[in-house]
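Below is one structure; the comments refer to it alone.
Index from 1, following the sequence. Computed from a prediction, not measured in an experiment: that's the story for all the values here. Note: hydrogens, waters and symmetry copies are ignored here, and every other heavy atom, side chains too, is used.
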Amino acid sequence: MKKLLLLTVAVLMAAQAGAEKIRVACVGNSITYGAFINNRDKWSYPAQLQAYLGNEYEVRNFGVNGATLLSKGDNPYIKTREYKEAMDFRPNIVLIKLGTNDSKGQNWQYKDEFLSDYQAFIDAFRALDTHPRIILLTPLRCFTPENDPINSKIIANNIRPMVEEMAYRNGLEIINMNSVVPDTWDPNLMPDHLHPSAKGAGMMALKIYKHLDIDVEPETANAKEPFYKQGAKTFNFHGFTGYEFKNEEGVTCRIVEPRVVAKGRPWLWRARFWDFEPQTDIDMLEHGYYVAYCDVAELFGSPRAVARWNAFYKQMAKAGFSRKMALEGMSRGGLIIYNWAAKNADKVACIYADAPVMDIKQWPMISGSAGEKQRMLEAYGFANDDEARAWQANPVNHARAISKGHFPILHVVGDSDDGVTYWNNTKIFEDQMRELGTPIQVYHKPATGHHPHSLSCPQLIVDFILHSMNQR
């Protein structure tokens with residue numbers, strides 16, 4: 001396991017020689033401190049992170065109850081004893097988790113200074129002679145009532161994006177703590193609606209540990225600039241750097257880079273609805289995966305869409321990305337991922353499909369709008385509805401071809417979905433795959449319609465992808 005990622009040569013040599021441990025400073029507020037956790041010295045997130053990392057590391061908790069990132073806040077972290085102690089610790093890794101208390105009214109009045117204060121905070125740690133690896137943690141999702149001083153909406157809509165902006169501007173690693181707990185309050189994870197329990201802190205620690213424990217792709221000397229950076233427009237994808245470019249057809253494509261690249265350069269191929277319910281994509285970036293996208297909007301998984309994806313795959317393979325990838329398709333994205341996989345089963349490691357359309361005869365022919373149906377007919381070149389009804393190359397027709405790939409499949413479906421119904425889509429395909437002995441999991445969301453897609457806490461999906469990719 002390559003836990004020494006991105007550390008200085010001096011630290012690497014010292015650690016290997018057993019002369020010095022890798023020092024991890026956990027900087028933050030009461031959530032880092034472990035407020036209201038019995039025996040916090042053992043069960044706070046820094047303490048549990050120490051247990052995960054083992055004796056090669058020394059993890060210290062520099063959390064301060066009520067601390068703010070804002071220098072004009074009611075308890076600025078930079079004015080605390082713990083801030084000086086964290087600096088004197090000369091850390092090799094710094095985990096920064098601040099922002100929750102900044103959402104209070106008396107602090108948020110200085111919101112225009114948040115980014116500049118955060119930059120100064122980062123720069124101070126960067127100036128240490130250890131040149132530490134700095135990792136930003138977004139605030140944890142909380143469930144405080146509207147009259148509480150901690151404003152959950154400001155945290156979600158303002159502070160979290162600002163933390164992402166700081167990671168993007170500075171090229172820093174970022175871990176999305178927002179997805180650690182689901183979007184409905186669980187008293188076992190967050191008893192007071194704000195502070196995690198020992199179990200919740202353990203989930204935080206595990207998420208950080210998995211990021212630190214990535215098996216890293218070795219750097220290649222004199223590597224050529226990747227094809228997707230040539231003439232591309234850069235953009236901020238939740239703290240990660242993305243590249244948008246046009247292919248030879250003038251089609252929009254996007255690739256988002258992880259800050260730390262996992263061995264083999266694995267990737268997740270997103271179909272349709274870019275940046276919609278992106279929590280799985282964000283978590284995969286944290287695990288060292290690239291996220292890729294090639295626009296096939298309004299092509300409804302037609303042969304033209306498959307041909308476009310074939311060309312994109314060739315570019316990715318030539319550039320050294322993993323030969324097999326994880327496919328992700330939401331709603332009508334199910335058409336392209338399955339129609340492409342049926343022709344390229346040897347190139348797929350796994351499929352994650354979310355409320356997927358599996359048959360154009362069901363959608364858009366029956367449950368779609370008139371406009372959607374017309375665009376589908378045009379995309380396939382059908383002269384009339386009868387030709388569409390006679391089409392036998394839908395995902396539900398591809399079970400045998402898909403089964404030849406011997407890759408696992410996960411569907412997430414809403415049991416109350418009346419647009420892309422389970423019974424007319426996933427259920428038909430699921431039964432066929434089970435008859436063929438091909439592994440398929442279906443996760444049912446009770447009393448849920450077509451929306452929302454994905455899971456607010458996507459760990460089930462992420463674990464499925466990681467396990468599937470690591471088995472290839």
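- By the 4.5 Å heavy-atom criterion applied to side chains, Val216 and Val261 are not counted as neighbours.
- Classified by interplanar angle (parallel below 30°, tilted 30° to 60°, perpendicular above 60°), the ring pair Trp309/Trp340 is perpendicular.
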For side-chain hydrogen bond (donor to acceptor under 3.5 Å, both in side chains), just list the numbers for Glu430 and Tyr422, CA-CA rounded to whole Å, side-chain angles, deciding distance to a tenth of an Å, and then say yes or no. CA-CA 10 Å; Glu430 177 187 1; Tyr422 163 70; 2.7 Å; yes
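- Considering only heavy atoms from C-beta on, Phe276 comes within 4.5 Å of Arg270 through its side chain.
- Checked against side chain to side chain contact (heavy atoms under 4.5 Å, CB included), Asn384 has the following partners two or more places apart in sequence or in another chain: Asp386, Glu387.
- A salt bridge does not link Lys445 to Asp415: none of the charged side-chain nitrogens sits closer than 4.0 Å to a carboxylate oxygen.
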Please walk me through it: do Lys404 and Asp346 pass salt bridge (charged side-chain N to carboxylate O under 4.0 Å, His left out)? CA-CA 8 Å; Lys404 292 178 180 178; Asp346 60 326; over 6 Å; no
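- Using a cutoff of 4.0 Å between basic side-chain nitrogens and carboxylate oxygens, Arg332 and Glu372 are scored as salt-bridged.
- In this structure the side chain of Thr241 reaches within 4.5 angstrom of the side chain of Tyr243, judged on heavy atoms.
- The closest side-chain donor-acceptor pair between His398 and Asn339 falls under 3.5 angstrom.
- A donor-acceptor contact shorter than 3.5 Å links the side chain of Ser456 to the backbone of Asp183.
- Side-chain rings of His451 and Phe273 stay apart, their centers remaining 6.0 Å or farther from each other.
- Within the 3.5 Å criterion, the main-chain N or O of Ala35 finds no donor-acceptor partner in the side chain of Arg40.
- Separation of the Phe321 and Tyr290 ring centroids falls under the 6.0 Å cut-off.
- Judged by distance alone, the side chain of Trp185 and the main-chain N or O of Met190 form a donor-acceptor pair under 3.5 Å.
- Ion pairing between Asp463 and Lys210 holds under the 4.0 Å rule for side-chain N and carboxylate O.
- A side chain to side chain contact (heavy atoms under 4.5 Å, CB included) with Leu53 is found for one member of Ile208, Ile93, Val59 and no other, namely Val59.
- No side-chain heavy atom of Ile135 sits less than 4.5 Å from a side-chain heavy atom of Ile174.
- The environment of CZ in Arg434 is crowded: more than 12 heavy-atom neighbours from other residues, nucleotides or ligands sit within 6.0 Å.
- In this structure, Thr421 contributes its side chain and Asp418 its backbone to no donor-acceptor pair below 3.5 Å.
- Taking the six-membered ring for Trp and the full ring otherwise, the centers of His411 and Tyr443 sit at least 6.0 Å from each other.
- At least one side-chain heavy atom of Val260 sits less than 4.5 Å from a side-chain heavy atom of Glu173.
- A distance-only check finds a donor-acceptor pair linking the side chain of Ser197 to the backbone of Gly200 [under 3.5 Å].
- Arg400 places a side-chain heavy atom less than 4.5 Å from the side chain of Leu436.
- No side-chain donor-acceptor contact under 3.5 Å links Asp148 to the backbone of Thr144.
- A salt bridge links Lys229 with Glu257: the closest approach of a Lys/Arg side-chain nitrogen to an acidic carboxylate oxygen falls below 4.0 angstrom.
- For the pair Ala262 and Pro266, the tightest heavy-atom approach, listed with the atom from each and the gap, is O-CD, 3.4 Å.
- The aromatic ring centres of Phe429 and Tyr338 sit less than 6.0 Å apart.
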What verdict does the side-chain hydrogen bond (donor to acceptor under 3.5 Å, both in side chains) test give for Glu277 and Gln279, after you've listed the backbone C-alpha separation in whole Å, the side-chain angles of each residue and the deciding distance to 0.1 Å? CA-CA 6 Å; Glu277 299 289 355; Gln279 48 268 36; 3.1 Å; yes
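- For Tyr293 and Trp274, the ring centers are positioned less than 6.0 Å apart.
- Using bins of under 30°, 30° to 60° and over 60° for the plane-to-plane angle, the ring pair Phe382/Tyr380 lands in the parallel bin.
- Residue Gln230 qualifies as enclosed at atom CD: its count of foreign heavy atoms under 6.0 Å is above 12.
- By the 4.5 Å heavy-atom criterion applied to side chains, Met162 and Leu115 are counted as neighbours.
- Here Asp295 does not pair with Arg272 in a salt bridge; the nearest charged N to carboxylate O distance is not below 4.0 Å.
- Under the 3.5 Å distance criterion, the side-chain polar atoms of Ser103 are left unmatched by any main-chain donor or acceptor of Asn101.
- Tyr313 carries Lys347 over the face of its six-membered ring, with the cationic atom under 6.0 Å from the centre and within 45° of the normal.
- In this structure, Asp359 contributes its side chain and Val396 its backbone to no donor-acceptor pair below 3.5 Å.
- Looking at Lys207 and Asp283, a side-chain N of the basic residue comes within less than 4.0 Å of a carboxylate O on the acidic one, giving a salt bridge.
- Arg265 and Glu217 are not joined by a salt bridge, as no carboxylate oxygen comes within less than 4.0 angstrom of a charged side-chain nitrogen.
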Applying side-chain hydrogen bond (donor to acceptor under 3.5 Å, both in side chains) to Asn236 and Glu165, what does each step give before you reach the verdict? CA-CA 7 Å; Asn236 177 4; Glu165 177 65 22; 3.2 Å; yes
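- Taking the six-membered ring where the residue is Trp, Phe245 and Phe312 present parallel rings, their angle staying beneath 30° rather than reaching 60°.
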